[in-house]
Amino acid sequence: MQLLDGKAMAQTIKEEIKIEVDKRIASGEKRPHLAAILVGTDGASETYVGHKVKSCDQVGFESTLLRFPDSTSEEEVLNAVQELNNDASVDGFIVQLPLPKHINAEAVINAIAPEKDVDGFHPVNIGKLTLGQETFVSATPKGIITLLDRANVKTEGMHCVVVGRSNIVGRPMSILMSASSNQGNATVTLCHSRTKNLKEICLQADILIVALGRAEFITGDMVKEGVTVIDVGITRVADPSKKRGYALKGDVHFDSVSPKCEFITPVPGGVGPMTVVSLMQNTLRAAEEK
Ligand code: NDP
């Protein structure tokens, strides 16, 4: 079993990005600038945005965090999006999800200018991704593709099972893995909560990508020998022995699954850091294309 160390790989990519940024600055171009809108005080969202801001510092980007209280109206968020669309100093921006229930996330995402949508959630960018055109690939699927590619995990002709069909992870992941590309060319099965015989399908996977948000759901009896497992899930599980009162758990029961794997991602330290660094790559690209 070999661990796919997303933390170490993300660090390498950050150093590569920093070199590109330094080159830009040396040739008189401006620093890439990522902005983020955060509505409310959800603990996990605060953590994720904090990682993104810190990564901007590490790669030499400028960053702006726009914080709004839970009570912010949809119109106020849409106004903030418009301002960022029109702000020439901002190369790309994200709206941290989930938004409070009274705000229609779809309306907010649709309002983002596609050329600044570095999360790759806008319908135009999802459409391009589906058609195999150059675009901002959403950060988590992009990070997973990069991880598999740099670790030389063969995807061509493999049976890839994706568990979870969300618009931000599972669905784009299934499209990328089935795409006619060097990092794709897999035969893909996309599973969800209405899938029958999930265990039997998972047992057929050469590559199993799990994004369902249920701690330790995939167990050793659900995977075959030699499988590559990508665990996207991050769930906070109460743990009084930890200082912060909780432990982070993936969707995969690591102890029973990992002995059967050729490759597996840990949680934390697998997909999470690759997601953040992919956002940095998208932002650099947005700056370069301007
Ligand atoms: P969503 O809740 O949007 O989607 C979950 C998906 O899992 C749905 O498609 C759902 O099916 C499916 N599902 C739920 N229960 C089952 C089940 N028993 N059997 C089969 N399928 C099931 O989650 P996200 O995709 O946004 O996130 C998934 C996990 O990944 C979460 O833990 C999240 O925190 C984590 N995450 C991690 C990131 C990272 O950077 N590491 C980034 C983004 C997310 P249905 O559609 O039928 O309801």
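A quick note: this is a predicted structure, and the numbers were derived from the prediction, not measured.
Counting non-hydrogen atoms of other residues, nucleotides and ligands closer than 6.0 Å to NZ of Lys14 gives a total above 12.
Without hydrogens or angle criteria, Lys260 side chain to Gly226 main chain gives no donor-acceptor distance under 3.5 Å. A donor-acceptor pair is defined here as one N or O able to donate and one able to accept, closer than 3.5 Å; no such pair exists between the side chain of Thr265 and the backbone of Gly270. A donor-acceptor pair is defined here as one N or O able to donate and one able to accept, closer than 3.5 Å; no such pair exists between the side chain of Lys18 and the backbone of Gln58. A distance-only check finds a donor-acceptor pair linking the side chain of Asp5 to the backbone of Lys7 [under 3.5 Å]. In terms of modelled atom types and a separation under 3.5 Å, the side chain of Asn125 and the main chain of Gly120 share no donor-acceptor contact.
The cluster map of Ile, Leu, Val, Met, Phe, Trp and Tyr, joined by side-chain heavy atoms under 4.5 Å apart, puts Val169 and Leu4 in the same cluster. Transitive grouping of hydrophobic side chains (ILVMFWY, heavy atoms separated by less than 4.5 Å) brings Leu147 and Val137 into a common cluster. No continuous path of ILVMFWY side-chain contacts below 4.5 Å connects Val49 to Val271, so the two sit in separate hydrophobic clusters. When hydrophobic clusters are built by joining Ile, Leu, Val, Met, Phe, Trp and Tyr residues whose side-chain heavy atoms come closer than 4.5 Å, directly or via intermediates, Ile264 is not grouped with Leu248. With hydrophobic clusters built from ILVMFWY side chains whose heavy atoms lie under 4.5 angstrom apart, Ile234 does not share a cluster with Val163.
Scanning for side-chain contact (heavy atoms from CB on, under 4.5 Å) contacts around Asn167 gives Arg171, with sequence neighbours left out. By the side-chain hydrogen bond (donor to acceptor under 3.5 Å, both in side chains) test, Thr275 pairs with Thr140, sequence neighbours left out. Here Glu46 pairs with Leu38, Thr41, Arg67 under the side-chain contact (heavy atoms from CB on, under 4.5 Å) rule; sequence neighbours left out. In this structure Gln2 satisfies the side-chain hydrogen bond (donor to acceptor under 3.5 Å, both in side chains) test with no other residue, sequence neighbours excluded. Judged as a side-chain contact (heavy atoms from CB on, under 4.5 Å), and not counting sequence neighbours, the contacts of Pro266 are Leu3.
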Could you list the donor-acceptor pairs under 3.5 angstrom formed by side chains in residues 103-112, with sequence neighbours left out?
residue, atom, partner, partner atom, Å
Asn104, OD1, Glu106, N, 3.0
Asn104, OD1, Ala107, N, 3.3

Side-chain donor-acceptor pairs under 3.5 Å in residues 179-188, sequence neighbours left out?
residue, atom, partner, partner atom, Å
Ser181, OG, Gly184, N, 3.2
Asn185, ND2, Ser181, O, 3.1

May I have the list of side-chain donor-acceptor pairs in residues 88-99 shorter than 3.5 Å, sequence neighbours left out?
residue, atom, partner, partner atom, Å
Ser89, OG, Asp87, OD1, 2.8
Asp91, OD1, Lys30, NZ, 3.4
Asp91, OD1, Lys290, NZ, 3.2
Asp91, OD2, Lys30, NZ, 2.7
Asp91, OD2, His33, N, 2.7
Gln96, OE1, Lys52, NZ, 2.8

Could you go through residues 198-217 and list every donor-acceptor pair under 3.5 Å that involves a side-chain atom there, pairing it with any protein atom two or more places apart or in another chain?
residue, atom, partner, partner atom, Å
Lys199, NZ, Asp221, OD2, 3.3
Asp206, OD1, Lys224, NZ, 2.8
Asp206, OD2, His159, N, 2.7

Stepwise side-chain contact (heavy atoms from CB on, under 4.5 Å) test for Ile230 and Leu148: CA-CA 9 Å; Ile230 305 293; Leu148 293 171; 3.8 Å; yes
Steps toward side-chain contact (heavy atoms from CB on, under 4.5 Å) verdict (Met274, Thr146): CA-CA 8 Å; Met274 293 302 294; Thr146 306; 3.9 Å; yes
Derivation and outcome, side-chain contact (heavy atoms from CB on, under 4.5 Å), residues Leu84 and Leu66: CA-CA 10 Å; Leu84 291 174; Leu66 300 172; 3.9 Å; yes
Ile168/Ser138 under side-chain contact (heavy atoms from CB on, under 4.5 Å): CA gap, chis, key distance, verdict: CA-CA 7 Å; Ile168 63 168; Ser138 42; 5.7 Å; no
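A 4.5 Å side-chain heavy-atom check between Met1 and Glu262 finds every atom pair outside the cut-off. Annotation: side chain of Val229 is not in contact with side chain of Phe263 (no heavy-atom distance under 4.5 Å). Side-chain contact between Ile17 and Val277: present, with at least one pair of heavy atoms (C-beta onward) separated by less than 4.5 Å. Between Glu288 and Arg24 the shortest side-chain heavy-atom distance falls below 4.5 Å. Looking at Pro69 and Thr72, their side chains come closer than 4.5 Å, going by heavy atoms from C-beta outward. Residues Thr155 and Cys160 have side chains not in contact (no heavy-atom distance under 4.5 Å, counting atoms from C-beta outward). For the pair Val39/Ile37, a side-chain contact is recorded, criterion being any heavy-atom separation below 4.5 Å from C-beta on. Within the 4.5 Å cutoff, the side chain of Val59 has no heavy atoms near those of the Glu20 side chain.
Using modelled atom types and a 3.5 Å distance limit, the side chains of Glu76 and Ser73 yield a donor-acceptor pair. Using modelled atom types and a 3.5 Å distance limit, the side chains of Glu29 and Ser27 yield a donor-acceptor pair.
Closest heavy-atom contact between Phe136 and Ala286: CZ-CB, 3.7 Å.
Evaluation of the salt bridge (Lys or Arg N to Asp or Glu O under 4.0 Å) test over residues 143-168, restricted to residues two or more places apart or in two chains, returns Glu16-Arg150. Among residue pairs with one or both ends in residues 275-285, those qualifying as salt bridge (Lys or Arg N to Asp or Glu O under 4.0 Å) are Glu134-Arg285, Arg285-Glu289; sequence neighbours excluded. Pairs of residues two or more places apart, or lying in two chains, never qualify as salt bridge (Lys or Arg N to Asp or Glu O under 4.0 Å) while including a residue from residues 230-241.
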